[in-house]
Amino acid sequence: IIVFLYGCVIGSFVNVCIYRIPQGEDVIKKSSHCMKCNHILRWYDLVPVISFLILKGKCRYCGTKLSPQYPVIEVLNGILYCLIFSHKGITVNSIIYCLFVSALLALSVIDFRTYEIPISINGFILILGILHVMLNSQKFWNYVLGFVSVSAGLWIIYCLTRGRGIGGGDLKLMAVSGLLLGWKENILAFFIACILGSVIHIVRMKIEKAGNVLAMGPYLAAGIFISLLWGEHFISWYLKMLGI
């Protein structure tokens with residue numbers, strides 16, 4: 001319960017990042033405010049989920065209908081935190097993974113809307129990755145190889161296609177995620193992301209008439225999360241199936 005509540009609180013900040021980073025606004029110093037009337041919100045307007053329900057999804061000051069994204073992101077972040085702690089245990093690494101997943105959640109929504117992964121979020125994940133490597137120095141080369149295991153190939157594609165084949169943000173994301181996953185799990189994450197992206201986007205093209213260009217960030221984030229929690233099991237199962 002405590003992990004879930006903390007996850008919801010951090011999820012509230014994730015919402016702030018989702019809205020402000022694309023606008024170039026400060027996510028720390030600037031007070032929370034209504035996106036419509038700009039009225040400064042009080043602490044009782046910002047209680048995760050509960051404030052949204054009490055206010056019936058409307059701004060207290062101007063009555064503007066609020067996006068359901070607010071409680072959805074808060075609850076989802078809380079659920080993801082619970083999954084991480086249940087699989088990884090109560091460790092410092094789990095805290096790093098939680099912050100990592102919050103960053104993935106933020107960049108997923110931003111990339112889906114803008115087709116761009118903010119460099120600030122990739123930079124934050126890089127810091128988490130360096131800290132993770134320092135805390136797990138016995139696997140130093142595993143994580144260093146993870147940094148280049150996918151990104152090296154993507155960099156070649158990026159150069160050959162002059163950025164049309166893969167986005168620079170996607171390339172950087174797979175590089176920094178390797179510092180937290182290791183090379184095997186990072187390759188698996190990219191493989192899962194490609195499958196999810198191809199299948200889901202084809203469905204979206206048929207149903208929603210989506211264009212040919214897709215935001216890869218959400219699928220990369222999903223692949224990374226799956227690989228983070230269950231990557232070792234998938235890899236062990238695959239190697240056993242091959243008789244290795």
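All of these numbers come straight from a predicted model, not from anything done at the bench.
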Handout entry: Straight-line distance of Ser151 OG to Lys172 NZ, nearest 0.5 Å
Key = 11.0 Å
Practice task
Evaluate whether atom CZ of Arg42 has more than 12 neighbouring non-hydrogen atoms of other residues, nucleotides or ligands under 6.0 angstrom away.
Solution key: no
Problem - No-hydrogen, no-angle side-chain donor-acceptor test under 3.5 Å, Ser227 and Asn186 - result: no
Handout entry: Whether over 12 other heavy atoms sit under 6.0 Å from Met134 CE
Key = no
Practice task
Determine whether more than 12 heavy atoms belonging to other residues, nucleotides or ligands lie under 6.0 Å from atom CD of Glu25.
Solution key: yes
Practice task
Go through Leu104 and Leu173 one step at a time and tell me if the side chain to side chain contact (heavy atoms under 4.5 Å, CB included) criterion holds.
Solution key: CA-CA 9 Å; Leu104 292 176; Leu173 174 60; 4.0 Å; yes
Handout entry: More than 12 heavy atoms from other groups under 6.0 Å of CD1 on Ile50
Key = no
Exercise for the section: Mark yes or no: Arg113 above the aromatic ring of Tyr19, with NZ or CZ under 6.0 Å from the six-membered ring centre and no more than 45 degrees from the axis. Expected result: yes
Fill in the blank from the handout: Only one of Asn77, Leu80, Leu105 passes side-chain contact (heavy atoms from CB on, under 4.5 Å) with Ile10, and that residue is Asn77
Practice task
Output yes when a side-chain donor or acceptor of Ser12 lies under 3.5 Å from a complementary backbone atom of Cys8, and no otherwise.
Solution key: no
Fill in the blank from the handout: Here the gap from Asn15 atom CG to Phe13 atom CZ, rounded to the nearest 0.5 Å, amounts to 11.0 Å
Problem - Leu145-Phe140 co-clustered via ILVMFWY side chain contacts under 4.5 Å - result: yes
Completion exercise
Heavy atoms of His33 and Ser31 approach each other most closely as ND1-O, 3.1 Å
Handout entry: Ile1 atom CD1, neighbour heavy-atom count above 12 within 6.0 Å
Key = no
Fill in the blank from the handout: Between Ile18 and Gln69, the two heavy atoms sitting closest are CG2-NE2, 3.7 Å
Problem - Heavy atoms of other groups near Lys88 NZ, more than 12 under 6.0 Å - result: yes
Practice task
Without swapping roles, check the side chain of Ser94 against the backbone of Phe85 for a donor-acceptor pair under 3.5 Å.
Solution key: no
Handout entry: CH2/Trp230: more than 12 non-hydrogen atoms of other groups inside 6.0 Å
Key = yes
Handout entry: Chi angles and distances behind the side chain to side chain contact (heavy atoms under 4.5 Å, CB included) call for Glu185, Ser149
Key = CA-CA 10 Å; Glu185 285 79 4; Ser149 59; over 6 Å; no
Practice task
Look at atom OH of Tyr44 and say whether more than 12 heavy atoms of other residues, nucleotides or ligands are closer to it than 6.0 Å.
Solution key: yes
Handout entry: Test ring-ring contact (aromatic ring centres under 6.0 Å, His included) applied to Trp237 - qualifying residues, sequence neighbours left out
Key = none
Exercise for the section: Measure the acute angle between the ring planes of His132 and Tyr143, then classify it against the limits of 30° and 60° as parallel, tilted or perpendicular. Expected result: perpendicular
